[in-house]
Amino acid sequence: MPEFQTSPGMRDILPPESARWRRFVDVFAQVVEGAGYGQVISPLLEDLGVFQRIGDATDVVTKEMYDFVDKGGRHIALRPELTASVCRAFVQHRPATPWKVWYTGSQFRYEKPQRGRYRQFDQVGIEVLGADDPNLDVEIIALGWEFYRALGLQKVRLLLNSLGEPADRAAYVDALKAYFEANLDALSDESKITLQKNPLRVLDSKRPQDAALVAGAPKIAQFYSEGAAAHFAAVQAGLTSLGIPFTVDTKLVRGLDYYRHTTFEYQGLTLDSAQNALGGGGRYDGLVESLGGPATAGIGFALGLDRTLLACDDEGVFAPPATDVSVFVVDTTGGAEALAITTALRAVGVSADRAYENRSMKSQMKAADRSGAAYAVIIGSNEVEAGVAVVRPLRAERTVNPDGTDGDGTQSTVPRSDLIDHLKKAIS
RNA sequence: GUGGCCGUAGCUCAGCUGGUAGAGCAUCAGUUUGUGGUACUGAGGGUCGCGGGUUCGAAACCCGUCGGUCACCCCA
């Protein structure tokens, strides 16, 4: 074991996996930019208060934040999520509404690491501030859905719920609290604690002991105001009109306190239940106001990279891209030719690699094979003398000489002066 | 934060009831002194996560610790 390793919950993303991460973001950007969303890049660090406005009943804020006092005496936190940062940016810059933005980046939560759950984790997401239209809820949910399709994922389930207006939600919370308190004996000890902090969250309990009680709990639908019911109905109608299947799950309350009205979650059906939430979001009218801005409607979602990629692995889609180079230069004369040729190839847009340390031709040919290159350029003393280069296709069928030894295949000899043009044509 | 399981070469793992470490893959080289993908041969590479204890002797047993994993919790 080396002396230094990554901190718990932190990891290195190495090639070729790192290329897949970048492509993941590219695919996401393509989907959402096609719908008018622009990227917002916000700081990793924010004033602690920005995140405290998320709510004091959520562990993300109360227990899991990385925070510290900087050299200027400011109380700073590493962002545990991005929605609050986006809202803060909105309040600070006051862009025209509806403000449609997307983002990607790392977030930090001090949790016990597990597969699909890291202390530094990456998400992509979108937010729209300043529009209360149920059509927007549908657009957002549909974009997430479309993104999963773009990756190739099939086994994703969309769960949908509405928490109603703030007053509806408050009334429901009271009713839930009364219900659970009346049945306190049947509740697990853990849920008793949860009940004190946030009765809604008891609905999330995965303990078998709580299952029956949770099933018999009051349903949010009974508490919807007329407006909330109409909004939710419009969202469902919209999704249906787009042919997006969904399941209404009245137990879907989501973690962060700021949600109201529409909430939704995308579940990966191939993943274990503890980590099956690929992404989720909802409406959070009121968050901008709590950060000192005007009353502003907001809605968005965030999707976890790690879990989504785990789901991709399970479904055998969106594999890490090949990092193959087009041409590999084998030079047994010391390496200067390889330097010149690779540089010239790259200058005309042909990707090229080479071996180093003047290894044997066989060794260099092996490296050429591993590089995934379509062609090897071979330069030895004979070629230098004759002013030519051998171009050998690496993916062609192997040929055999009459005496049974390996043939030269379809390799050809081209004048050194024509080499770059020759290869450029061959690649295209 | 709580609990279960795990921690041996770069990777995946074997190592029986304690006698100072092995395989496959990968890497490098040779068989082929100018030609890859196959085959064969060989080489390098490990304070057996770390610390302490038991023992004549520990990779193996005990304790602690760190890390991973799974469940709870939380959430993406």
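Convention: sequence-line order gives letters A, B, ...; per-chain numbering from 1. Side chains included, hydrogens not; waters and symmetry mates left out as well; all remaining heavy atoms used.
Under the Watson-Crick or G-U wobble criterion, with both distances below 3.5 Å, U20(B) has no partner in any strand shown. With a 3.5 Å ceiling on both atom-pair distances, A14(B) lacks any Watson-Crick or G-U wobble partner. The base-pairing partner of A9(B), taking Watson-Crick or G-U wobble contacts with both distances under 3.5 Å, does not exist among the strands shown. Across all strands shown, G64(B) pairs with C50(B); the Watson-Crick or G-U wobble distances both stay below 3.5 Å. The base-pairing partner of A29(B), taking Watson-Crick or G-U wobble contacts with both distances under 3.5 Å, is U41(B). Pair check for U35(B) finds none; no Watson-Crick or G-U wobble contact set falls under 3.5 Å. As the counterpart of G3(B), C70(B) is assigned, both hydrogen-bonding distances of the Watson-Crick or G-U wobble pattern falling under 3.5 Å.
Remark: the Glu111(A) side chain and the A76(B) base include a donor-acceptor N/O pair separated by less than 3.5 Å. Side-chain atoms of Glu383(A) and base atoms of G34(B) include a donor and an acceptor less than 3.5 Å apart. Evaluation of atom-type donor-acceptor distances gives a pair under 3.5 Å for the side chain of Arg117(A) against the base of C74(B). A donor-acceptor contact under 3.5 Å is formed by the side chain of Gln411(A) with the base of U35(B).
Note: CD (Glu64(A)) to P (C73(B)) measures 14 Å, nearest angstrom. Regarding Met365(A), its CE atom lies at a distance of 18 Å from the C1' atom of G30(B), rounded to whole Å. Between Lys112(A) atom NZ and C5(B) atom C1' there is a gap of 12 Å when expressed in whole angstrom units. Atoms CG (Leu187(A)) and P (C73(B)) sit 12 Å apart, rounded to a whole Å. Computed from coordinates, the Arg115(A) CZ to G67(B) C1' distance equals 17 Å when rounded to whole Å. Taking atom CZ of residue Arg207(A) and atom C1' of nucleotide G3(B), one finds them 14 Å apart after rounding to whole Å. In this structure, CD1 of Ile193(A) is placed 14 Å from C1' of C74(B), rounded to the nearest angstrom. We find that CZ of Arg370(A) is positioned 10 Å from C1' of C28(B), with the value rounded to whole Å.
Here the side chain of Arg307(A) is nearest to one of U35(B), C75(B), G36(B), namely C75(B). Closest to the side chain of Arg392(A), from the set G36(B), G1(B), C75(B), is G36(B). For Ser205(A), the side-chain atoms get nearest to C73(B) when compared with the rest of A76(B), G34(B), C73(B). Here C74(B) is the nucleotide among C74(B), C28(B), U32(B) with the atom lying nearest to any side-chain atom of Lys206(A). Each of U69(B), G30(B), U35(B) was ranked by its minimum atom distance to the side chain of Met361(A); first place goes to U35(B). The Gln114(A) side chain lies nearest to A71(B) when the options are U69(B), A71(B), C74(B). Distance from the side chain of Asp369(A) is smallest to G37(B) among G34(B), C74(B), G37(B). Side-chain proximity of Lys366(A) to C74(B), U35(B), G37(B): nearest is G37(B). Between U32(B), G67(B), C73(B), one nucleotide has an atom nearer to the side chain of Lys362(A) than all others, and that is U32(B). Distance from the side chain of Asn382(A) is smallest to G34(B) among C28(B), G34(B), C70(B).
Across G37(B) and G18(B), the matching C1' atoms stand 47 Å from one another, rounded to whole Å. When the C1' atom is used for both G30(B) and G68(B), the distance is 40 Å, rounded to whole Å. A distance of about 11 Å separates the P atoms of G4(B) and G64(B), rounded to the whole Å. Remark: the separation of the P atoms in C11(B) and A26(B) is 15 Å, to the nearest Å. U32(B) sits 27 Å from G45(B) when the C1' atoms are compared, rounded to a whole Å. G49(B) and A59(B): their P atoms are spaced 10 Å apart (whole Å). For the C1' atoms, the distance from G46(B) to A39(B) is 29 Å, rounded to whole Å. With both ends at atom P, the span from A9(B) to G15(B) equals 15 Å, rounded to whole Å.
Residue Val330(A) is classed as having no contact, given no heavy-atom separation below 4.0 Å to the nucleic acid. If you check every strand for non-hydrogen atoms under 4.0 Å, Gly116(A) touches a base. If you check every strand for non-hydrogen atoms under 4.0 Å, Leu303(A) touches nothing. Counting any heavy atom pair closer than 4.0 Å across all strands shown, Phe301(A) reaches no nucleic acid atom. Contacts of Gly268(A) with the nucleic acid, taken as non-hydrogen atoms under 4.0 Å apart, are absent. Counting non-hydrogen atoms under 4.0 angstrom, Ala277(A) reaches the backbone sugars and phosphates but no base.
The shortest distance between the side-chain N/O atoms of Ser363(A) and the OP1/OP2 oxygens of A29(B) is below 4.0 Å. Remark: Arg359(A) is in phosphate contact with A29(B), judged by side-chain N or O atoms under 4.0 Å from OP1 or OP2. Contact annotation: Thr58(A) does not reach the phosphate of C74(B) (side-chain N/O to OP1 or OP2, under 4.0 Å).
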**Message:** Please evaluate residues Tyr375(A) and Phe328(A) with respect to the criterion ring pair (Phe, Tyr, Trp, His ring centres under 6.0 Å), reporting the C-alpha separation (whole Å), side-chain torsions for both, the decisive distance (0.1 Å), and the verdict.
**Reply:** CA-CA 6 Å; Tyr375(A) 295 93; Phe328(A) 195 96; over 10 Å; no

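Between Glu146(A) and Arg149(A) there is no salt bridge, since no side-chain nitrogen of the basic residue lies less than 4.0 Å from a carboxylate oxygen of the acidic one. A salt bridge does not link Arg157(A) to Glu265(A): none of the charged side-chain nitrogens sits closer than 4.0 Å to a carboxylate oxygen. With salt bridges taken as basic N to acidic carboxylate O contacts below 4.0 Å, one links Glu139(A) and Lys100(A). The existence of a salt bridge linking Lys155(A) and Glu315(A) is excluded, since no basic side-chain nitrogen approaches an acidic carboxylate oxygen closer than 4.0 Å. Using a cut-off of 4.0 Å between Lys/Arg side-chain N and Asp/Glu carboxylate O, Arg207(A) and Asp210(A) are scored as salt-bridged.
Residue pairs meeting the salt bridge (charged side-chain N to carboxylate O under 4.0 Å, His left out) criterion with at least one member in residues 356-365 of chain A, sequence neighbours excluded: Glu357(A)-Arg359(A).
Aromatic ring centres of Phe147(A) and Phe24(A) lie closer together than 6.0 Å. Side-chain rings of Phe264(A) and Tyr266(A) approach one another, their centers coming within less than 6.0 Å.
Two residues, Tyr110(A) and Lys63(A), neighbour RNA chain B, and the one matched to the more 5' nucleotide by heavy-atom proximity is Tyr110(A). Two residues, Gly304(A) and Met10(A), neighbour RNA chain B, and the one matched to the more 5' nucleotide by heavy-atom proximity is Met10(A).
Using modelled atom types, one side-chain atom of Asp285(A) and one backbone atom of Gly298(A) make a donor-acceptor pair closer than 3.5 Å.
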